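Note that the structure is a prediction, hence the values are computed from the model and not measured.
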Amino acid sequence: SAPTTFRKVQAIEIGNDFSKVTRVVTVNYNDLVNTLKPGHVIVKNLYLGINASDVNYTNAKYIPDIKPPFDVGFEALAQVVAVGPGISQDKVGSYVLISQYGAFAEYLDVTYKAVIPVPSNRIELLALLTSGLTSSIALEETGRMTTGETVLVTAAAGGAGQIAVQLAKLAGNYVIGTCSSDEKAAMLKSMGCDRVINYKKEDFKTVLRNEYPKGVDIVFESRLIVIGTVSTYSASSGMQGDKVDTLQLLGKSRAVAGFFLPDYPHLFKSHMAKLVKLLVEGKLKIEID
C-alpha cells in the first residue's frame, strides 16, 4: 500500500559541509500523487548514488542564485510505483535509473522519458549511471578510442576510472592506471590493468618518461580527455590544469577535450544498453563502496 508520508533530504543553507547544511524532512506522499503530470511516474528509490557533485550543488556551484531550502541529490536506482496519464500501467514494478535534482528522497516524481530502464535492482547498475556513462561516452565519442592504443587512466580505482580501465581493455588496448595504495593497485590488476602506477611509491613522471618514451595515445581524467600525450605532468598524481601549450598541440596533431556528461543525453540509452550487457555477461566488474 502507498505510504502517507515519506522522507527526503533538503539543503537549508548554502555550504560545502553536506551534513551541516542539510536536513531530513518528512512530506506528504499524496502531494506527489495529486500533482502527477502526464508522462510522469512516481518511483521508490532503492539505492542512491553519492557524488562530489552533491557538495557542489549544496555550495551553489551549479545554480549560483539558488535559495534554500532545496532538494538535493542527483542519482538513484528506483522502482516505478505509480504512473501518470499517458504511461502504461505495465511500467509499474519495473526498475529504472534516474538522474535529476532532488534524488535523495524515498519517493520521487520524474518524467518517464528521462529515466533509463534496467533489468533488475542489482546495485552495481547504479554505478553505470554517472561513472559508467562518463567512461563509455568520453572514451568512445570524445576520445575516439579504437584498438591497439595505449590508454592512461588517472584515479583509475575511482568510480569512472575502474570502468574506463575495463572498457579500454575490452577494446583491445594497453592500459596504464594510477592510484594511491597497494590495495587499489591489486584491484586494478585484477581488472586487467597492464601497468599500475602507485604514485605514493613511484614517481609518476619518471615512470612515463622511462617506460613510455613515445608517450600514450589517450589520457582519461574523467572530465578531461587528452588524445596524444601532452607534457604537462608536473605532479606525482598526474596532469596539472591550465598549462596546455596550444602550439604544442598543433605541431603534433594532439587534442584536449573537456567532457561534461549532461551534454550527451542522446547517447545515454545506447551506451547504457552496452554497459548493462557487459555487466550481465560478467565482462564488467564494479567495486561498490
Could you state the interatomic distance from [atom1] ([X]) to [atom2] ([Y]), rounded to the nearest 0.5 Å?
X    : Y    : atom1 : atom2 : result
L129 : N51  : CG    : CG    : 8.5 Å
T130 : I50  : OG1   : CD1   : 12.5 Å
I63  : N56  : CD1   : CG    : 12.0 Å
L267 : M272 : CG    : CE    : 12.5 Å
D217 : T146 : CG    : OG1   : 7.5 Å

Do [X] and [Y] touch side chain to side chain, with heavy atoms closer than 4.5 Å?
X    : Y    : result
T178 : F204 : yes
Q79  : N121 : no
V110 : H40  : no
L284 : L128 : yes
D31  : T35  : no
V43  : V41  : yes
L275 : L125 : no
I218 : L152 : no

Is [Y] reachable from [X] through a run of hydrophobic residues whose side-chain heavy atoms are each under 4.5 Å from the next?
X    : Y    : value
L261 : V276 : yes
V115 : L32  : no
V9   : L108 : no
V165 : I137 : yes

- Kindly state each residue pair satisfying salt bridge (charged side-chain N to carboxylate O under 4.0 Å, His left out) with at least one member in residues 62-78, sequence neighbours excluded. K8-D71
- Would you list the pairs meeting salt bridge (charged side-chain N to carboxylate O under 4.0 Å, His left out) in which at least one residue belongs to residues 43-63, sequence neighbours left out? none
Do you know the tightest heavy-atom contact between [X] and [Y]?
X    : Y    : result
G49  : L126 : N-CD2, 3.5 Å
M145 : A168 : SD-CA, 3.8 Å
A105 : G102 : CB-O, 3.9 Å

- Message: As a quick check of understanding, evaluate side-chain contact (heavy atoms from CB on, under 4.5 Å) for I176 and V153, giving each step before the final call.
- Response: CA-CA 6 Å; I176 308 164; V153 180; over 6 Å; no
Distance-only check: which donor-acceptor pairs under 3.5 Å involve side-chain atoms of residues 19-29, not counting sequence neighbours?
unit_1 : atom_1 : unit_2 : atom_2 : d
S19    : OG     : D17    : OD1    : 3.2
T22    : OG1    : F18    : O      : 2.6

- ring-ring contact (aromatic ring centres under 6.0 Å, His included) against Y57, all qualifying residues, sequence neighbours excluded: F70, F74, Y101
- Note on the structure: Residue set satisfying side-chain contact (heavy atoms from CB on, under 4.5 Å) with S135, at least two apart, ordered chain then number -> A160, I163, A164, L167, F220
- Query: Can you name the residues that form a side-chain contact (heavy atoms from CB on, under 4.5 Å) with L48, not counting sequence neighbours?
  - Reply: N45, A76, F104
- Message: I'd like to check the salt bridge (charged side-chain N to carboxylate O under 4.0 Å, His left out) partners of R7; sequence neighbours left out, ordered by chain and number.
- Response: E106
- Taking only residues two or more places apart in sequence or in another chain, which ones pass salt bridge (charged side-chain N to carboxylate O under 4.0 Å, His left out) with E141? none
Do side-chain atoms of [X] reach the backbone of [Y] as a donor and acceptor pair under 3.5 angstrom?
X    : Y    : answer
T142 : L139 : no
Q162 : E287 : yes
N173 : T150 : no

- Does the pair R144/E140 count as a salt bridge with the N-to-O cut at 4.0 Å? no
- Task: Tell me, please, which residues at least two apart from T58 pass side chain to side chain donor-acceptor pair (under 3.5 Å).
- Result: none
- Sorted by chain and number, sequence neighbours left out, side chain to side chain donor-acceptor pair (under 3.5 Å) with T111 holds for none
- Item | Test side-chain contact (heavy atoms from CB on, under 4.5 Å) applied to L46 and I123, step by step | CA-CA 9 Å; L46 306 175; I123 190 173; over 6 Å; no
Under 3.5 Å, which donor-acceptor pairs do the side chains of residues 179-196 form with other protein atoms, sequence neighbours left out?
unit_1 : atom_1 : unit_2 : atom_2 : d
S180   : OG     : K184   : NZ     : 3.4
S181   : OG     : K184   : N      : 3.1
D182   : OD1    : N198   : ND2    : 3.3
D182   : OD1    : K201   : NZ     : 3.1
D182   : OD2    : K201   : NZ     : 2.6
S190   : OG     : M187   : O      : 2.6
D194   : OD1    : K169   : NZ     : 3.2
D194   : OD2    : K169   : NZ     : 3.1
D194   : OD2    : V175   : N      : 2.8
R195   : NE     : E211   : OE1    : 2.9
R195   : NH1    : E202   : OE1    : 3.1
R195   : NH2    : E202   : OE2    : 2.8
R195   : NH2    : E211   : OE2    : 2.8

Sequence neighbours excluded and cut-off under 3.5 Å, please list the side-chain donor-acceptor pairs for residues 90-99, or say none.
unit_1 : atom_1 : unit_2 : atom_2 : d
D90    : OD1    : S88    : OG     : 2.8
D90    : OD2    : S88    : OG     : 3.4
S94    : OG     : K91    : O      : 2.5

- Can you check side-chain contact (heavy atoms from CB on, under 4.5 Å) on Y112 and V83, steps first, answer last? CA-CA 9 Å; Y112 191 76; V83 297; over 6 Å; no
- I would like to know whether I116 and L133 meet side-chain contact (heavy atoms from CB on, under 4.5 Å); could you show each step before the answer? CA-CA 12 Å; I116 301 176; L133 289 176; 4.3 Å; yes
